[in-house]
2 protein chains.
Amino acid sequence: MAATPDASEKDDEVDLPATAFAVLGLLTFGQDLSGYELRGWSKGSFRHFYWSPAQSQIYRELKRLEAASFAESHPVAQQDRPDKIAYRITPAGEQALARWVESQPVDRPVLKHHPAIRLFFGHMVDPAVLIDIVTEHREALVETLDDLEMQSVALTGEPTSGLSPLVFDWAAEIHRGDLRGTDLVLKRLAQLL
Amino acid sequence: MAATPDASEKDDEVDLPATAFAVLGLLTFGQDLSGYELRGWSKGSFRHFYWSPAQSQIYRELKRLEAASFAESHPVAQQDRPDKIAYRITPAGEQALARWVESQPVDRPVLKHHPAIRLFFGHMVDPAVLIDIVTEHREALVETLDDLEMQSVALTGEPTSGLSPLVFDWAAEIHRGDLRGTDLVLKRLAQLL
DNA sequence: CGTTGCATGTAAGGTGTTACATGATTAC
DNA sequence: GTAATCATGTAACACCTTACATGCAACG
């Protein structure tokens, strides 16, 4: 039953990268969005737990999604600003997205923690410099947490689902863990001075 | 004073990606390592807070590091197994690494949390499936934490510096935050059933 | 009238992965 | 002898980013 390599009749498995599905997913919240808007929503929504793709990347994924007929585009005239091209998810796209959510292997999160890797090689430099780096990281963390706490409470006008606050809270816990670790590091680095 | 484009005399700024410095950094722990070994150490040491590059990538970075004279290679004969090519950091490499650690802008960590982005679009699928996904993620998390706790205590024979345990503890805090978030998610998802 | 924000896109290149190829050595 | 581990490497490609180019609209 399962895909004999020869009988490639039903082998429709258009197999796109995660980024494509991330973009496609933003179209499931009930609004038609342009590439420009999607760029904004991706920053506003999943930046803190799933990085934000470059603008050019988003446009490229939209082309691919349309080619796979997972999304359709239509021009939208605007008086107060330049016209735009809005995208809408298709039923085929909804199905593909659902399959992607359901039946992917559960990959481990990938963390590229730049301040941590620098500290990992911190024996090469003056500890005072390390404290500066980690302190600056801490400030960014606090900003991130503010962001996430706001997003969890007020999703003003933004396209989301009922599960969004839950994910924001999840992400906040991760960053709070980072904050705890950061403070621990700061305390221990202070002892080295 | 700052680099006139013409007077390119002192413009030695060999400007390598973070991965190159991550590999180079592993050579500062006092052992000469081969590409094969570096692949192992990178998995063993910073996988949980800085992803592990592909094997072919490591070999490529080693070539580049040598070209920049940040590292030197020398063949090492082994009786019990195939000979290898071991790499050693050079004084120029040490200097470049120290500068990299000190004077980079403090980039935010990049998190690509696959389970979280899938939950973010979880309104497309049956909640029971989401619980399965998150539960599987939880199991991986526990493994990760075991890893990190062991690394923090016993660095058996592995090349590390005095700061390593600190970074492992930091990473552990981040993953413990993830664990907290995961349990929160699981609890709330159960209410949806 | 120049700057900023909206909006779309291309070009070029760097980063990183998978898959493959090779060969030695150890263990079953 | 054949599988697994050690060890190095290449080829092909996918992914992603930076930088640039274009044009409209609004604001001061």
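Below, chains carry the letters A, B, ... as their sequence lines are ordered, and counting in each starts from 1. From a predicted model like this one, the values you see are computed outputs, not experimental measurements.
Dashed line: the shortest gap from a side-chain N or O of B:R64 to OP1 or OP2 of C:dG16 is not under 4.0 Å. For the pair A:R81 and C:dG5, the criterion of a side-chain N or O lying under 4.0 Å from OP1 or OP2 is not met.
Atom P of nucleotide C:dG14 and atom CG of B:L16 are separated by 12 Å, given to the nearest angstrom. In this entry the distance linking OH of A:Y59 with P of C:dA11 reads 17 Å, nearest Å. C:dA24 atom P lies 17 Å from atom OH of B:Y36, rounded to whole Å. Going from atom CG of A:D107 over to atom P of C:dT17 covers 13 Å, rounded to whole Å. Rounded to whole angstrom, the span from the CD atom of A:Q57 across to the C1' atom of C:dT15 amounts to 13 Å. For A:L62 and C:dT10, the CG to C1' distance is 16 Å, given to the nearest whole Å. C:dA11 atom C1' lies 14 Å from atom NZ of A:K63, rounded to whole Å. Between the NE2 atom of A:H74 and the C1' atom of C:dA7 there is a distance of 16 Å, rounded to whole Å.
Residues A:P53 and A:Q78 each lie close to DNA chain D; by heavy-atom proximity, the contact nearer the 5' end of the strand is made by A:P53.
Remark: A:H175 pairs with no residue by the side-chain hydrogen bond (donor to acceptor under 3.5 Å, both in side chains) rule, at least two apart or across chains. Every residue meeting the side-chain contact (heavy atoms from CB on, under 4.5 Å) condition with B:R64, not counting sequence neighbours, appears here in chain and number order: B:L16, B:P17, B:E61. Checked against ring-ring contact (aromatic ring centres under 6.0 Å, His included), A:H48 has no partners two or more places apart in sequence or in another chain. Checked against side-chain contact (heavy atoms from CB on, under 4.5 Å), B:E72 has the following partners two or more places apart in sequence or in another chain: B:T90.
Taking every nucleotide of DNA chain D with any atom under 4.0 Å from a non-hydrogen atom of chain A, the first and last of them, 5' to 3', are D:dC15 to D:dA26.
Between the A:H114 side chain and the B:R108 main chain, a donor and an acceptor come within less than 3.5 Å of each other.
For B:R60 and C:dG16, a side-chain-to-base donor-acceptor distance below 3.5 Å is present, hydrogens and geometry of angles not being considered.
B:S56 comes within 4.0 angstrom of a nucleotide base, judged by non-hydrogen atoms across all strands. At the heavy-atom level, B:Q55 lies under 4.0 Å from base atoms of the strands shown. Among the atoms of the strands shown, none is found under 4.0 Å from any heavy atom of A:R39.
Sorted by first and then second residue, the salt bridge (charged side-chain N to carboxylate O under 4.0 Å, His left out) pairs with a member in residues 119-140 of chain B read B:R138-B:D183; sequence neighbours excluded.
With a 6.0 Å radius and a threshold of 12 heavy atoms from other residues, nucleotides or ligands, B:R88 has its CZ atom at or below the threshold.
Side chain of A:P82, nearest nucleotide from C:dC6, C:dT15, C:dT8: C:dC6.
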